[in-house]
Amino acid sequence: MSIQYRLTPMKDNISEDPKVGYYAQVVTRGTVTTERLCREISAGCTLTVADLKAAIEALVSSVEDKLKDGYNVCIDDLGTFSVSAQSVLATEEDGIRAPSVKVKKINFRPSVRLKKRMSLSRFEKARLDDR
């Protein structure tokens, strides 16, 4: 299986002589749900779909709890989850109080193994009728 891409035009509007270039953009085949993942994993092992769903739910809950407690969470061979914060800009150190600090986003850094395996991915240009 290959990852499909399409060429997307990019205009250079900054220079006096605008140029058009192209870059590769991944064409997604859709989203795989937890249900589908569980069915596919279950077909290759002794765990049932219900067992897998319960394990995933427990994992999500545990990751959430650990992130809320200030930990980064590393799932071996998958990657590390962490939280970044946002707040208003204060001119003094005591100008920011805890209630004004919010979660900006949850970050994910893939593991070395996942990055290495993904770097070996094959790409193929999507046909126009595949869009």
Side-chain angles (χ1 to χ4, degrees):
M1 185 72 46
S2 300
I3 299 171
Q4 292 188 344
Y5 70 93
R6 68 174 173 245
L7 296 179
T8 302
M10 181 176 65
K11 296 179 182 174
D12 172 17
N13 294 329
I14 297 174
S15 63
E16 289 181 22
D17 183 26
K19 298 174 187 162
V20 175
Y22 295 87
Y23 65 95
Q25 185 177 27
V26 170
V27 176
T28 182
R29 295 175 193 254
T31 301
V32 177
T33 64
T34 302
E35 174 73 25
R36 181 171 169 189
L37 281 176
C38 288
R39 278 189 276 118
E40 290 180 8
I41 293 168
S42 179
C45 68
T46 60
L47 295 172
T48 67
V49 171
D51 292 336
L52 290 163
K53 284 183 180 179
I56 290 172
E57 182 57 39
L59 176 65
V60 169
S61 180
S62 184
V63 168
E64 179 184 341
D65 290 344
K66 294 304 177 195
L67 291 174
K68 284 181 176 179
D69 286 342
Y71 291 95
N72 291 345
V73 178
C74 178
I75 300 174
D76 296 341
D77 296 331
L78 182 62
T80 302
F81 295 89
S82 62
V83 174
S84 61
Q86 70 180 13
S87 68
V88 297
L89 180 62
T91 57
E92 297 179 18
E93 282 188 37
D94 61 352
I96 297 176
R97 302 201 184 282
S100 68
V101 180
K102 304 290 183 211
V103 171
K104 181 177 182 179
K105 62 182 178 175
I106 298 171
N107 305 300
F108 175 73
R109 288 187 316 276
S111 68
V112 171
R113 177 183 173 191
L114 181 58
K115 283 195 291 189
K116 184 175 182 177
R117 287 186 174 200
M118 289 305 298
S119 72
L120 301 174
S121 297
R122 291 186 351 219
F123 285 84
E124 67 181 37
K125 190 172 181 180
R127 297 186 315 252
L128 293 177
D129 58 338
D130 287 346
R131 288 183 155 174

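Start at 1 with the first residue, then count along the sequence. Small disclaimer: the values here were computed from a predicted structure and weren't measured.
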Q | Residue pair Arg29 / Ser2: nearest heavy atoms and the distance that separates them | A | NH2-O, 2.9 Å

Q: Please check if Leu7 and Val20 belong to a single hydrophobic cluster, counting links between Ile, Leu, Val, Met, Phe, Trp and Tyr side chain heavy atoms closer than 4.5 Å.
A: yes

Q.
Can you tell me how far apart NZ (Lys102) and CD (Gln86) are? Round to the nearest 0.5 Å.
A. 9.0 Å

**Q.** Where Tyr5 and Lys125 come nearest, the two heavy atoms and their spacing
**A.** CE2-N, 3.3 Å

Side-chain donor/acceptor pairs under 3.5 Å, residues 59-76, sequence neighbours excluded:
{"unit_1": "Glu64", "atom_1": "OE2", "unit_2": "Lys68", "atom_2": "NZ", "d": "3.0"}

Q) Under a single-linkage definition using a 4.5 Å side-chain heavy-atom cutoff for Ile, Leu, Val, Met, Phe, Trp and Tyr, are Tyr22 and Phe123 assigned to the same hydrophobic cluster? A) yes

Q: Look up atom SG in Cys38 and atom CG in Asp51, then write down how far apart they are to the nearest 0.5 Å.
A: 9.5 Å

Q. Under 6.0 Å from the CG atom of Leu120, do we count more than 12 heavy atoms belonging to anything else shown?
A. yes

Q. Minimum heavy-atom separation for Ser42 to Leu47, with atom names?
A. OG-O, 2.8 Å

Q. Is any side-chain heavy atom of Glu35 closer than 4.5 Å to a side-chain heavy atom of Lys53?
A. yes

Q: Enumerate the residue pairs fulfilling side chain to side chain donor-acceptor pair (under 3.5 Å) with a member in residues 109-120, sequence neighbours excluded, ordered by first and then second residue.
A: Asp77-Arg113

Q. If we only count heavy atoms from C-beta on, is the Thr8 to Arg6 side-chain gap below 4.5 Å?
A. yes

**Q.** Closest heavy-atom pair and its distance - Ser100, Ile96
**A.** OG-CG2, 3.7 Å

Q: Please report the closest heavy-atom contact between Phe108 and Leu78, naming both atoms and the distance.
A: CZ-O, 3.4 Å

Q. Is there a side-chain contact between Lys105 and Val103 (heavy atoms, below 4.5 Å)?
A. no

